[in-house]
Amino acid sequence: MKTQKVDQVTGNPVVDLVLNTVEKKKQAFIFVNTKASAEKCAEDISEELDKTPACELIAEKILNVLGSPTKQCKRLANCVRKGSAFHHSGLHSKQREIIEDEFRLGNIRFISATPTLAAGLSMPAFRVIIRDVQRYGRRGMEFIPVLEFLQMAGRAGRPEFDDFGEAIVIAKSEGEKENLSEKYLLGEPEDIYSKLAVEPVLRTYVLSLISAAEVNNFEKLMNFFKETFWAFQFKDMNQLSVTIKKMVKLLVDWGFIQELDNKFRATYSGKRIAELYIDPYTANEFVKGLKRSSETVTLLGLLHLICNTLEMRPLLNVTTKDFEKLQEKSLLHEKEFLSPEPSEFESEYEDWLKSLKTALMMHEWCEEADEDFLMKEYNVRPGETRAKINLADWLLYALSELARIEQKQNLLAQINKARTRLKYGVKEELLPLLKFKGIGRARARKLFNNKIRDVKDVKSIDFSTLKKILGEKSAEGVKMQVGEKIVGNQRQLSDTF
DNA sequence: GGACGGTGAAACTTCAGGTTGCCTC
DNA sequence: GAAGTTTCACCGTCC
């Protein structure tokens with residue numbers, strides 16, 4: 001085997017490898033096991049590189065992705081100035097895009113990343129450096145699967161530029177070197193296991209099969225599952241039959257399917273749930289929550305209901321510091337919750353608190369907290385906030401559909417309001433202004449603070465004042481939408497034309 | 001003498017990621 | 001379990 005020697009310059013093997021890659025005029029990915037590590041690693045690398053004019057421009061772009069740059073944005077921009085970057089799920093999607101594009105163009109030369117990058121689109125580099133092969137899991141630090149290792153190593157070598165690529169895994173000792181090569185270089189990838197047996201997946205499938213009228217009795221249901229990879233793997237048809245029977249019983253109990261003369265039929269709500277593609281368990285929790293609700297619900301109550309679902313996981317972590325504060329909040333808002341608080345000694349309590357923390361985070365967003373604040377207070381990065389908000393929007397939509405079916409008309413308007421507030425991250429008072437195209441959270445707030453609070457106010461204010469508040473383009477757009485045309489700073493009613 | 005800043009060790013905290021629905025001028 | 005971050009004591013420097 002051919003060996004290469006890499007100069008030890010900095011005492012940090014990753015940085016030394018990076019410097020060696022620079023000498024070769026190549027690019028590299030570095031895979032690490034946490035988001036914080038990805039950021040730190042990119043920072044360490046950037047300290048050894050020089051600024052370039054091209055990167056300076058990219059850094060500016062990255063800073064301006066969000067309204068006001070967060071700590072994370074600044075940190076990323078500082079790295080990018082030197083041609084290194086970090087990449088993980090906490091980044092804003094636009095920033096991720098910029099980094100990927102600029103890496104392809106060769107402006108960004110090093111990316112330190114969590115496995116986001118390994119799973120993502122085809123983006124190879126000459127060199128892949130795998131720094132961490134262990135990751136925190138249920139049983140403390142666990143070795144990552146061989147499959148995942150290969151996935152990362154497989155990013156090395158760009159067919160259009162290089163004849164070969166190098167995947168390097170870092171061992172801290174001779175002993176570790178042997179273990180690693182045995183496990184990952186010579187070892188067999190793990191078998192792939194069917195995920196169908198997981199109850200949430202199973203419930204969803206059973207319901208959708210019945211709903212689509214693919215199967216209408218137990219025998220046909222069994223025949224379907226017998227053909228699956230899951231059945232092929234486990235072979236135990238008796239166990240399979242027991243599990244599926246259990247699922248069917250749940251769906252009947254929840255009122256999502258009916259059994260008549262040994263034939264299954266999805267109910268109206270069952271069909272809709274199958275279409276919405278939410279876990280029937282979640283749907284049942286929603287229905288229970290809706291029944292528990294009175295005439296009015298609060299935003300926090302709704303948010304908490306949707307956060308307390310499997311779909312919303314992983315939830316925000318509750319740290320030791322949070323614990324007391326969350327307990328206080330749970331007491332304060334006790335009457336608002338649509339999913340009851342378990343006792344402190346029950347196993348679900350921890351998850352319940354996590355869902356409360358997640359709901360509180362989104363509530364702050366709806367109260368116009370900015371992303372930097374959310375990062376500080378909730379340890380949630382912009383990318384994660386966005387992902388959670390999208391999920392929440394989908395679940396709120398599903399909830400509104402169930403409210404309609406359950407004839408809870410009074411709640412529909414409140415759920416829809418919650419959706420809009422969440423989508424834009426605004427207080428209720430801004431809602432009338434969001435009807436305008438080109439007006440989001442920031443501009444609506446500006447308008448409101450200048451006493452322009454609805455369509456009527458927009459109509460009556462003169463253009464030059466509006467221009468001062470919004471800038472010319474936006475002001476023009478808004479005025480057009482109330483049927484006025486602006487000609488040389490003069491307004492004319494368009495219906496005079 | 002006190003404010004300030006840099007340094008390093010100890011204490012503390014936290015730990016990857018992904019898909020789904022629907023609408024609209 | 002380990003890396004990253006925060007905290008805090010300690011020391012030197014400057015005014």
Side-chain angles (χ1 to χ4, degrees), chain A residues 12 14 31-44 71-72 75 86-91 93 96 112-121 130-145 147-149 151-152 170 172 176 195 198 200-201 203-205 207-208 271-280 282-283 286 306 309-323 354 375-376 378-381 383-384 386-388 390-402 404 415-416 419-420 423 434-439 477 480-481 483:
Chain A
N12 177 340
V14 170
F31 286 108
V32 296
N33 62 5
T34 66
K35 292 195 268 282
S37 286
E39 298 184 8
K40 170 80 163 28
C41 182
E43 217 166 39
D44 289 345
K71 220 168 97 187
Q72 180 181 261
R75 200 174 180 190
F86 51 86
H87 190 287
H88 55 57
S89 69
L91 286 191
S93 57
R96 260 195 264 180
S112 70
T114 57
T116 17
L117 207 62
L121 41 158
I130 300 169
R131 192 194 73 175
D132 304 325
V133 286
Q134 285 184 298
R135 189 187 304 132
Y136 184 79
R138 285 191 178 169
R139 296 179 295 275
M141 292 306 266
E142 295 167 8
F143 281 96
I144 59 169
L147 269 173
E148 204 182 308
F149 181 93
Q151 177 87 271
M152 297 193 281
I170 299 201
K172 293 176 192 75
E176 197 183 342
K195 288 212 163 72
V198 187
V201 180
R203 311 190 263 261
T204 309
Y205 271 93
L207 178 60
S208 69
K271 273 190 189 141
R272 193 67 191 110
I273 289 158
E275 281 168 10
L276 290 167
Y277 213 72
I278 55 173
D279 181 350
T282 298
F286 281 2
I306 59 158
T309 60
L310 285 177
E311 280 88 344
M312 210 57 198
R313 291 182 192 194
L315 297 163
L316 299 191
N317 268 337
V318 173
T319 64
T320 28
K321 228 173 24 192
D322 296 330
F323 201 78
K354 281 186 186 178
M375 218 160 95
K376 249 187 251 133
Y378 292 88
N379 190 26
V380 58
R381 297 166 164 86
E384 295 157 314
R386 274 264 98 83
K388 285 270 173 290
N390 281 341
L391 262 170
D393 183 56
W394 164 49
L395 289 170
L396 278 174
Y397 174 72
L399 183 64
S400 76
E401 283 296 285
L402 286 171
R404 189 176 54 77
I415 297 172
N416 285 332
R419 277 186 76 191
T420 315
K423 192 169 160 200
L434 295 172
K435 294 196 185 95
F436 290 103
K437 233 191 221 169
I439 301 296
M480 297 259 285
Q481 290 173 65

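Naming: A, B, ... by sequence-line order, numbering from 1 per chain.
Side-chain contact check for A:Lys271 versus A:Leu207: every heavy-atom pair is 4.5 Å or farther apart. Residues A:Leu402 and A:Ile273 form a side-chain contact, since some pair of their non-hydrogen atoms from C-beta on lies under 4.5 Å apart. A:Phe86 places none of its side-chain heavy atoms less than 4.5 Å from the side chain of A:Thr114. Two residues are said to be in side-chain contact when any heavy atoms from C-beta on lie closer than 4.5 Å; A:Thr309 and A:Leu395 meet this criterion.
Residue order along DNA chain B, read from the 5' end via each residue's closest nucleotide, puts A:His88 first among A:Lys437 and A:His88. Toward the 5' end of DNA chain B, the nearer of the two residues A:Glu275 and A:Asn33, judged by each one's closest nucleotide, is A:Asn33.
Separating the CG atom of A:Asn416 from the P atom of B:dC23 is a distance of 13 Å, rounded to the nearest angstrom. Atom NE2 of A:His87 and atom P of B:dG17 are 10 Å apart (whole Å). A straight line from NZ of A:Lys388 to P of B:dA16 spans 13 Å, rounded to a whole angstrom. A:Leu396 has its CG atom 18 Å from the P atom of B:dT20, to the nearest Å. Between A:Asp393 atom CG and B:dT19 atom C1' there is a gap of 16 Å when expressed in whole angstrom units. What separates CD of A:Gln481 from C1' of B:dT24 is a distance of 13 Å, to the nearest Å. Summarising the geometry, the separation between CE on A:Met141 and C1' on B:dA16 is reported as 12 Å, rounded to the nearest angstrom. Rounded to an integer number of Å, the gap from CZ of A:Arg135 to P of C:dA3 is 15 Å.
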**OP:** Decide salt bridge (Lys or Arg N to Asp or Glu O under 4.0 Å) for A:Glu43 and A:Lys40; before the verdict, give the C-alpha distance in whole Å, the side-chain angles of both, and the deciding distance to 0.1 Å.
**Re:** CA-CA 5 Å; A:Glu43 217 166 39; A:Lys40 170 80 163 28; over 6 Å; no
Subject >> Pair A:Asp279-A:Arg203, salt bridge (Lys or Arg N to Asp or Glu O under 4.0 Å): steps then yes or no >> reply: CA-CA 7 Å; A:Asp279 181 350; A:Arg203 311 190 263 261; 2.7 Å; yes
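The side chain of A:Arg138 places no N or O atom within less than 4.0 Å of a non-bridging phosphate oxygen (OP1 or OP2) of C:dG1. Residue A:Thr114 places at least one side-chain N or O closer than 4.0 Å to OP1 or OP2 of B:dG17. Side-chain N/O atoms of A:Arg381 include none lying less than 4.0 angstrom from OP1 or OP2 on B:dC15. At the phosphate of B:dA16, neither OP1 nor OP2 sits under 4.0 Å from any side-chain N or O atom of A:Thr116. When the side-chain nitrogen and oxygen atoms of A:Asn379 are compared with OP1 and OP2 of B:dC15, one or more of them lie within a distance under 4.0 Å. Residue A:Ser89 places at least one side-chain N or O under 4.0 Å from the OP1 or OP2 atom of B:dG17. Within the 4.0 Å cut-off from OP1 or OP2 of B:dG17, at least one side-chain nitrogen or oxygen of A:Lys35 is found.
Comparing C:dT6 with B:dA16, their P atoms are spaced 16 Å from each other, to the whole Å. With C1' as the reference atom, B:dT20 and C:dA2 are 36 Å apart, rounded to whole Å. B:dG18 and C:dG1 have their P atoms separated by 28 Å, with the value rounded to a whole Å.
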Under 3.5 Å, sequence neighbours excluded: what are the donor-acceptor pairs made by side chains of residues 134-142 of chain A?
from     : atom 1 : to       : atom 2 : distance (Å)
A:Arg135 : NH2    : A:Glu148 : OE2    : 2.3
A:Glu142 : OE2    : A:Arg138 : N      : 3.2
A:Glu142 : OE2    : A:Arg139 : N      : 2.9

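Under the Watson-Crick and G-U wobble criteria, each requiring two contacts below 3.5 Å, nucleotide B:dG1 is paired to C:dC15.
Comparing B:dC25, C:dG4, B:dG17 against the side chain of A:Ser37 picks out C:dG4 as the nearest. For A:Trp394, the listed nucleotide lying nearest its side chain is B:dT20; candidates were C:dA3, B:dT20, B:dC15.
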Give each protein N/O atom lying under 3.5 Å from an N/O atom of nucleotides 5-8 of chain C, with the pair distance.
from  : atom 1 : to      : atom 2 : distance (Å)
C:dT5 : OP1    : A:Arg75 : NH1    : 3.1
C:dT5 : OP1    : A:Arg75 : NH2    : 3.4

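A donor-acceptor pair under 3.5 Å is formed between the side chain of A:Gln72 and the backbone N or O of A:Gly90.
Put simply, the residue from A:His88, A:Lys71, A:Arg386 that forms a side chain to side chain contact (heavy atoms under 4.5 Å, CB included) with A:Arg381 is A:His88.
For the pair A:Tyr136 and B:dC15, the ring geometry qualifies as stacking, because the centroid separation is below 5.5 Å while the planes lie within an angle under 30°.
As judged by a 4.0 angstrom heavy-atom cut-off over every strand, A:Arg139 is placed among residues making no nucleic acid contact. No engagement by A:Ile278 is indicated, since no non-hydrogen atom pair under 4.0 Å with the nucleic acid exists. Heavy atoms of A:Lys435 sit nowhere under 4.0 angstrom from any nucleic acid atom.
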